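Okay, structure first, notes after.
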Amino acid sequence: MGAFRNLAIGAFLALSGVSSSAEAQRHTPFTNFTVYPNLEDKIIPNYYPLRPPAIPLAVRSPYTSAWSSTSSKGTLNSQSPIFWFGQGLGWEGIVVVDGHSFEYMGASINDFPELPYFNTTIPLGVRYDSQYSNFTFLAGPVTIIASFFSPVTPKDICRSSIPLSYLTTTVQSNDGKPHHIQFYSDVNAGWIGLGDEMNIIKEFHTGPLNGNGTGNITDVPSSWILRPVNPNLFHEVAQIPQWGNFSFTTSSFGSENFTYQSDSATSVRYSFVNNHSLNDDAGSKLYGFGNREPVYAFAHDMGTVLKTSVRYTIGSIQSPAVRYLHKGGLSNLAPWWEKCYGEMHDMIRFHWNDFDTVAALGNEFEEKLRADVNAFYQGNEPPIYSNRTPVAYANTSAFTAFDTQNGTDQYGQQYEFNPDSAYGFLEPGNATGIAVPFVSEAESYYAIVALSARQVMGAYVLAVPPSSSGTAADAVEPLMFQKEISSNGNINTVDVLYPASPFFLYANPTLLKYVMQPLLELQEGNFYPNTYSTHDIGAQFPLATGHVEGTDEYMPVENSGNFILMAYAYYKFTGDSAWLTRHYELLAQFAQYLIDFSLVPAAQLSTDDFAGELANQTNLAIKGIVGLQAMSAVARVAGNEEDAAKFADKATSYYDQWEDFAIDPSGKHTVLAYQWRSSWGLLYNIYFDKLLNMGLVNPKVYEMQSAWYAQVSQVFGVPLDNRHHYTKSDWEIWAAATCSPTTRRLFINAIAYWLNATTTNLPFTDLYEVVGTGEYPLLVDHFAARPVVGGHFALLTLGKTGQLSSATGGDTTGSFFAKNSTDALSQPDSLTIPPSYAGAPFKQRAVRKAPPRNDASRAKSRIHV
């Protein structure tokens with residue numbers, strides 16, 4: 001075996017042009033610390049605030065979405081990063097310390113024979129917040145910190161439109177002595193879904209010019225740019241775009257020697273490990289896969305230092321961004337960043353130089369998030385961030401905090417716990433579920449929303465509207481487009497925007513207007529024949545080409561109620577009565593549909609379409625009824641008192657009948673469907689009644705449901721309904737917002753507990769089993785990275801209206817909204833307009849106009865069959 005290893009090393013050295021004897025002399029063994037080859041057991045780092053199934057790395061758009069899975073004890077330095085869909089992305093990171101190479105990202109070390117001077121790192125810790133994921137490693141006498149920064153700045157529209165993310169890698173001496181440090185990082189073409197260069201155009205750019213052999217230039221950004229040879233506009237393969245560009249950028253960053261290279265993965269990486277620099281060659285075309293696939297690399301030699309850093313930016317860039325059907329025809333819309341910064345290279349340079357500013361903006365959002373979580377729980381939970389790891393969320397994926405199966409929690413509540421059952425923590429005597437003990441609900445909630453923030457924003461793109469030609473630049477507002485990631489790929493799906501809406505109401509309600517605008521234009525432009533709300537504006541992102549035949553997914557009550565409730569909520573959080581009045585006719589059309597069909601809804605899908613059709617859905621009916629109550633208020637804002645009275649009368653009448661239909665004969669809970677005695681489900685659609693203080697739902701219903709959820713909870717939460725043992729995290733938190741503090745704590749801590757223990761392997765799924773290992777449900781596509789996690793902000797959105805954690809169920813004490821009033825927030829959020837950027841003038845894209853239709857064909861197209 002030893003002879004074979006020596007042969008293999010000799011072959012690799014010959015391949016790279018390095019002699020064995022010379023190499024042995026160059027890499028003298030360390031004497032002042034231990035090198036860690038052949039680690040047999042994976043070392044699990046400390047996670048804070050908990051260990052999610054995947055850590056966000058670069059998450060800025062549906063196509064810039066890179067994660068590090070923690071499944072099966074995976075770490076950043078034991079496997080490749082993944083795309084949200086699950087396939088690997090080539091992204092490698094190595095640091096050389098005094099001649100010895102340490103891999104902190106990726107697993108290329110497994111592709112080499114055993115080399116005494118190529119080691120893995122020791123993972124020490126992983127911390128995340130709403131902006132950053134920071135990974136800390138031990139590498140001999142130094143500590144490496146890889147800091148991934150995907151800014152969440154929802155009030156800055158220009159910066160939010162940039163599809164690029166940052167990685168800053170820092171090395172710091174642990175022994176007080178300076179060390180010679182070199183950095184290496186490369187990417188592959190998996191980011192654009194291609195393996196070899198037969199289908200790739202690659203370019204190396206330094207500043208505004210192409211470069212080749214221009215190492216040691218001044219400190220301006222240098223980029224690898226990759227794009228398909230034969231782009232397929234608006235087409236995806238395995239969810240990865242087949243048009244546009246991929247950018248990987250850095251600069252010399254004060255290094256003594258800055259080099260780059262493109263060649264096969266084995267050749268480039270092995271050459272660097274042995275030579276500690278690259279050859280400044282962009283390379284010829286390569287054909288291969290695996291170890292022979294092409295990679296695109298940078299290397300920095302920082303000299304002998306105590307502490308040093310390098311930075312990279314990375315992302316997938318599409319222009320045009322969306323194909324859009326509108327009154328003028330079909331247009332290919334430019335991304336919003338083109339309006340802000342100019343062409344692609346201008347945007348890349350702006351983003352590179354913007355780090356300090358956007359870091360400050362991101363820090364503002366993070367500090368406000370922390371402050372708002374503390375404010376919501378003030379007086380009921382200790383402040384978060386005591387710089388400790390919560391007791392229940394230990395390093396391992398198993399719950400290990402309890403030496404006994406019985407005890408008393410921090411609130412004086414007795415509990416019993418059987419780790420061999422799926423029941424969770426129960427109150428002795430009556431077996432009612434209680435929250436995971438010894439864990440702060442505030443810290444659990446922060447862990448959930450901090451993890452969710454980048455995932456929400458990463459599902460959207462902002463685009464320049466087709467009508468902006470000739471409009472004053474500062475008057476143009478973007479259109480916002482949402483990809484229904486992982487479930488079916490629709491664009492601007494109403495029943496996906498609805499659960500995500502609490503994030504926008506909390507972070508920037510104007511974004512909710514931007515994403516609703518394409519839906520309004522589609523339906524007000526006579527491109528949709530039905531009288532109820534459309535399900536989406538296109539079957540496959542980014543083709544916003546509508547459903548002119550009205551054959552979209554059939555959720556008429558669901559989406560008509562959703563649309564009215566979101567429109568009214570947008571007004572309540574902004575005071576924008578002009579917008580509400582402008583769209584009154586369409587909203588009233590949806591309300592009439594709810595009058596006709598919401599009290600006793602026929603067999604149809606709700607937003608939980610994976611559960612199948614069901615007639616007389618209790619939760620669906622209450623959505624329509626609360627929607628009518630909201631529409632009464634909309635009519636008052638629009639000055640239509642006659643309509644307001646009609647909608648209010650219907651809402652009140654329907655609600656009284658709904659209680660008779662909906663409450664189980666036992667009086668303990670609402671039923672899942674009117675005809676199904678003893679059935680039950682999460683009644684999350686009463687959330688907007690509480691949020692906007694509409695005063696329609698009887699407080700006793702809130703109290704009844706709150707008590708019931710604790711009677712049917714499992715170890716990882718409360719099932720969605722009695723038909724299955726899976727749940728939806730977004731709806732759990734909506735339901736939690738309508739419950740007593742003890743039941744709310746049960747929901748929140750269960751979700752955090754699941755995050756820390758689940759065996760799922762993809763970005764935060766909102767659909768999972770509440771028993772077993774918290775896996776994905778059988779027979780349902782794996783949900784991952786969906787924007788519906790915006791619903792996790794439901795408590796913070798309540799807090800924004802003045803309703804805090806001490807409120808019980810339907811109690812709206814503290815609400816800034818008087819009961820059933822049309823008053824908006826007295827100090828609504830105002831969108832901050834960023835300063836003008838020195839980008840190239842925006843060029844309006846050509847519009848392909850649709851042929852005119854005569855009245856007969858127009859009338860025919862509106863007939864619903």
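As a basis for the values below, the full set of heavy atoms in this structure was taken, side chains included, without hydrogen atoms, waters or symmetry mates. Bear in mind the structure is a predicted one, so any value in this text is a computation, not a measurement.
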In a check of ring pair (Phe, Tyr, Trp, His ring centres under 6.0 Å) between F504 and each of F573, F793, Y460, which one passes? Y460

Using 30° and 60° as the class boundaries, would you call the ring planes of Y753 and F425 parallel, tilted or perpendicular? tilted

Would R370 and E366 pass as an ion pair if we require N to O under 4.0 Å? yes

Return the set of residues passing side chain to side chain contact (heavy atoms under 4.5 Å, CB included) with P499 (not counting sequence neighbours), or none when no residue passes. D730, W731, V788

Verify the distance criterion only: is there a donor paired with an acceptor across the side chains of S71 and S69 at less than 3.5 Å? no

Main-chain N/O of R127 paired with N134 side-chain donor or acceptor, under 3.5 Å: no

Donor-acceptor check, side chain of Y655 to backbone of I622, threshold 3.5 angstrom: yes or no? no

Looking at S805 and F376, would you say the former's side chain and the latter's main chain have a donor-acceptor pair under 3.5 Å? yes

Is the cationic atom of R745 (NZ for Lys, CZ for Arg) positioned less than 6.0 Å from the six-membered ring centroid of Y411 and within 45 degrees of its normal? yes

Is the number of heavy atoms from other residues, nucleotides or ligands within 6.0 Å of NE2 (H725) greater than 12? no

Would you find a donor on one side and an acceptor on the other, under 3.5 Å apart, between the side chain of Y768 and the backbone of S729? no

Just to verify, what does Y132 make a ring pair (Phe, Tyr, Trp, His ring centres under 6.0 Å) with, not counting sequence neighbours? F149

Residues in side-chain hydrogen bond (donor to acceptor under 3.5 Å, both in side chains) with S61, at least two apart? none

State, with a plain yes or no, whether a side-chain heavy atom of L565 is found less than 4.5 Å away from one of V626. yes

Consider side-chain hydrogen bond (donor to acceptor under 3.5 Å, both in side chains). Of S133, S65, S165, which one does R454 pass it with? S133

What pair of heavy atoms forms the shortest contact from H669 to S679, and how long is it? CE1-O, 3.1 Å

Please determine whether ring-ring contact (aromatic ring centres under 6.0 Å, His included) holds for the pair F148 and F135, giving the CA-CA distance in whole Å, both sets of side-chain angles, and the decisive distance to 0.1 Å. CA-CA 8 Å; F148 297 85; F135 298 76; 5.6 Å; yes

Pick out which of Y568, W734, Y570 makes a ring pair (Phe, Tyr, Trp, His ring centres under 6.0 Å) with F688. W734

Test your reading of the model: is there a side-chain donor-acceptor pair from N406 to the backbone of E416, 3.5 Å cut-off? no

A quick test of your reading: do over 12 heavy atoms of other residues, nucleotides or ligands sit less than 6.0 Å from OH of Y423? no

Backbone of D495 reached by a side-chain donor or acceptor of T493 within 3.5 Å: no

Taking the side chain from R744 and the backbone from A737, do they hold a donor-acceptor pair closer than 3.5 Å? no

